[in-house]
Amino acid sequence: MNQTESFLSGSQNVVRLMGYEVEYTRWTVCFALLLVCIAYDQIAYQLRKGNLPGPLIKIPFMGSFLDSMKPTFEKYKTKWDSGPLSCVSVFHKFVVIASERDLARKILNSPSYVQPCVVDAGKKILKHTNWVFLDGRDHVEYRKGLNGLFTTRALGVYLPAQEEVYNKYFKEFLDHSQGKYTEFMIPFRDINVATSCRTFCGHYISDDAIKHIAEEYWNITAAMELVNFPLVLPFTKVWYGIRSRKIVMQYFMKAADASRKSMEAGNAPTCMMEEWIREMIETRKYNNSKGLDGSEKPSVLIRDFSDEEISLTFLSFLFASQDATSSAMTWLFQYLADYPEILQKVREEQFRIRDGDPNVPISLELLEKMTYTRMVVTECLRLRPPVLMVPYRVKKSFPISPEYTVPKDSMVIPTLYGALHDPKVYPDPESFKPERWEPNGLAQQNPKNWMVFGNGPHVCLGQRYAVNHLIACVGKASLMLDWSHKRTVDSDTQMIFATTFPQDMCLLKFTPFNPATIKLHLKEDAELQTPTAAGIPSSA
Ligand code: HEM
C-alpha cells in the first residue's frame, strides 16, 4: 500500500518532522486541520477586536449567532452601554457597534468608507440591482431622480388617497375591536401597507391585492434579520422572503404599466408612480425639443426609468413604510391612550383648525396648522425610534476614532437610540413630553441629536411623507374614534421585529367618538359637526 492509499483507508502512516518520526491517521489529520481553523478564526477575531468591549473569546465559527437569533432590546442596550464602540462576531462577520451620537454621525457621513448593507439578507431579498444598494455617485444621481416625489406639492397630491384609506381602516379598527381590548399591532401594519400602496400606486392596486401584499410582505420583513443563516436553503426565512418579493413585484409592475399609460394619455397624477412618470415625460419632451416648443424646463431633468426599476424602488419604499411607520403608529396610539390629557389636546387642536367640522378634508394647509399634533408625533418618534440602528458595510479600513480602525469588510452599525435619549438634550429622556418640542426649546436647539431618520447621504427619503402621514392619520382618528389601552407588564417592553413594537402587541379598544363629549375653546359661532366621512355613527 502506498502512503495515499493507507491515508484514505485510515490506517497509520509515519512522517518525518524535524528529525522526529510522527505517526498519523486520516482522523488525526482532520482533527489537526480543525484545530488550525479554530485557531485562525479565534486569532482573526482577537486581532479585529483589539481593545473593544465584546465577547472575550469567539465561540468557534458561529460566534454570537445564537444570541443574534433572538435579539432583544435589553441585549442591545447592554451592548450600547458597554462603550461608545463595541463588537461582536457572527459566523464570518465581524460587527462593530457605535452607540454615541458623534460616532454614529461620523459613520453615516463617511460614504467613502462605508455603504449601507440594510442587513445581510437585504440584497438577496430586495434584489442586488435595487437602487438602495447603489453607492457614491450612482446613488446620488438615482436619488436626485426621486426627490420630486417628496416635494411639498407632491405630498399634497397624495393626501386624498391617504384620507380615503384612513376612513376605510378606522371602520375596520372598530370591527376588529368589537368593544374589547384586542392586539392592534397587525391592524396598524395593515393601515400602513394600505396607505403606502394607495400613495405609491393609486387605484392601480385593488383592495384584495393590498391585503395580499400585506401578507406577502410579512415574509420579507421577517427575513430581514440583522444576521441570517448564510445559505438560502428552501423553506428558510430568506427563501420565503425572495418568493414573496417576486409576488409583490408583479403587482407593482402592473401598476407601473398602467400609470405610464395614464400619464402618456395626459391625465393628472394622483399617486407617486404617476408623479414620477410625469416627470420623466416632461424631461423627455423638453430634451427632444430643447425647449424650442416653449415647454418649461422641469426643475430637475431625470432620465427614463423602466417598469422594473420603478417597481424595485417602490419595493424598497414599502419596506420602509410598512415596517418603520407601523412601529411608530403603534407606539403613537398606545401613548395617546396612556396620556388621555394629551389626546384631548390633540383632539381640541384638530377640531379647532377645522372650525368644529371634522369632515373638512386633510390638506397641506391644515397639516401646517397641526402644531401640537406634530409635537406629539415628534416626541413619540424620539422616545420610541422605530429604527434603532442602521447597518453599514466597511469598504476600506475605517479609522473611526484615534484608537480604533474598523477592518475592511466588517459591518459597522451606528445606533440612533443613544442620541435620541441623551439626557443633556432631552432631560428625563424616558418620559413622554411633547412640550419639549416647543419652538426654541432645548430639543429644537439640538438638531444634531434628531437621528430618527438617520443622517448623511442616505438619510430617509420618505421622512416628510412619513411624519405627515402619522400626523394626518392620528389627527383624523382623534376626530372619529376614541380608544383606550389595557396596560400589561409588557406594554413598555420593546420587542424587536426589524423595528420595535410593544411586547404585548398593543392591546387597544376602539369605540366611535362622540363630538358632543368634547369641551372646546372654539370660536363662539363654531358648531360641532358629526364625523361622516367614515360613516361612523357619532354615538358610542
Ligand atoms: C417613521 C417612519 C420611518 C422611519 C423611522 C425611517 C427611518 C429611516 C432610516 C433610519 C433610514 C436610514 C438612513 C441612513 O442610513 O442614514 C431610512 C432610509 C430610507 N427610508 Fe425611511 N423611515 C421611515 C419611513 C419611510 C417611508 C414612509 C419611506 C418611503 C416612502 C422611506 C424611505 C426610505 C428610503 C428610500 C431610505 C434609503 C435612502 C437612501 O439610501 O438614500 N422611509 N429610513
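All of these numbers come straight from a predicted model, not from anything done at the bench. Order of appearance sets the numbers: ligands from 1, and atoms from 1 within every ligand.
Here H469 has no heavy atoms under 4.0 Å from ligand 1, in either its backbone or its side chain.
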* Go through the steps to decide whether F173 and F188 satisfy the test ring pair (Phe, Tyr, Trp, His ring centres under 6.0 Å), and finish with yes or no. => CA-CA 9 Å; F173 284 6; F188 286 137; 5.5 Å; yes
* Report the C-alpha separation of R153 and E275 in whole Å, then their side-chain angles, then the decisive distance to 0.1 Å, and conclude whether the salt bridge (Lys or Arg N to Asp or Glu O under 4.0 Å) test is met. => CA-CA 11 Å; R153 187 198 56 74; E275 274 289 334; 2.8 Å; yes
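Ligand 1 lies out of reach of M451, whose nearest heavy atom is not under 4.0 Å from it. Contact between L416 and ligand 1 is present, with at least one heavy atom of the residue lying under 4.0 Å from the ligand.
Of the protein's non-hydrogen atoms, Y392 OH, 2.7 Å is the one closest to atom 15 (O) of ligand 1. The closest protein non-hydrogen atom to atom 14 (C) of ligand 1 is H458 O, 3.3 Å. Summary of contacts: the protein heavy atom closest to atom 35 (C) of ligand 1 is W131 CZ2, 3.5 Å.
Per-residue contacts place V390 under 4.0 angstrom from the following atoms of ligand 1 (heavy atoms of the residue considered): 12 (C), 15 (O). Atoms of ligand 1 lying under 4.0 Å from any heavy atom of Y465, numbered from 1 in the order shown and given with element: 27 (C), 30 (C). Short contacts between ligand 1 and H139, defined as distances under 4.0 Å to a heavy atom of the residue, involve ligand atoms 39 (C), 40 (O), 41 (O). Interface atoms of ligand 1 facing R143, defined by a heavy-atom separation under 4.0 Å, are 38 (C), 39 (C), 41 (O). Per-residue contacts place V452 under 4.0 angstrom from the following atoms of ligand 1 (heavy atoms of the residue considered): 5 (C), 7 (C), 10 (C). Near N455, the atoms of ligand 1 lying under 4.0 angstrom from a non-hydrogen atom of the residue are 16 (O).
Residues Y204 and D257 fail the side-chain proximity criterion, which asks for heavy atoms closer than 4.5 Å. Side-chain contact between Y339 and H485 is absent, with no heavy-atom pair separated by less than 4.5 Å. Contact check for M411 versus V96: no side-chain heavy atoms found under the 4.5 Å cut-off. Annotation: side chain of Q162 is not in contact with side chain of L155 (no heavy-atom distance under 4.5 Å). With contacts defined as side-chain heavy-atom distances shorter than 4.5 Å, the pair F317/L461 qualifies.
Every residue meeting the side chain to side chain contact (heavy atoms under 4.5 Å, CB included) condition with E172, not counting sequence neighbours, appears here in chain and number order: K168, Y169, K211. Considering only residues two or more places apart in sequence or on other chains, D208 meets the side-chain hydrogen bond (donor to acceptor under 3.5 Å, both in side chains) condition with none of them. With sequence neighbours excluded, the residues satisfying side-chain hydrogen bond (donor to acceptor under 3.5 Å, both in side chains) with E430 are H421.
Of all protein atoms, those that are N, O or S and lie under 2.8 Å from atom 21 (Fe) of ligand 1 total 1.
Looking at K106, K396, K395 one by one, the single match for side chain to side chain contact (heavy atoms under 4.5 Å, CB included) with Y113 turns out to be K396.
Taking 4.0 Å as the cut-off between side-chain N and carboxylate O, E74 and K77 do not count as a salt-bridged pair.
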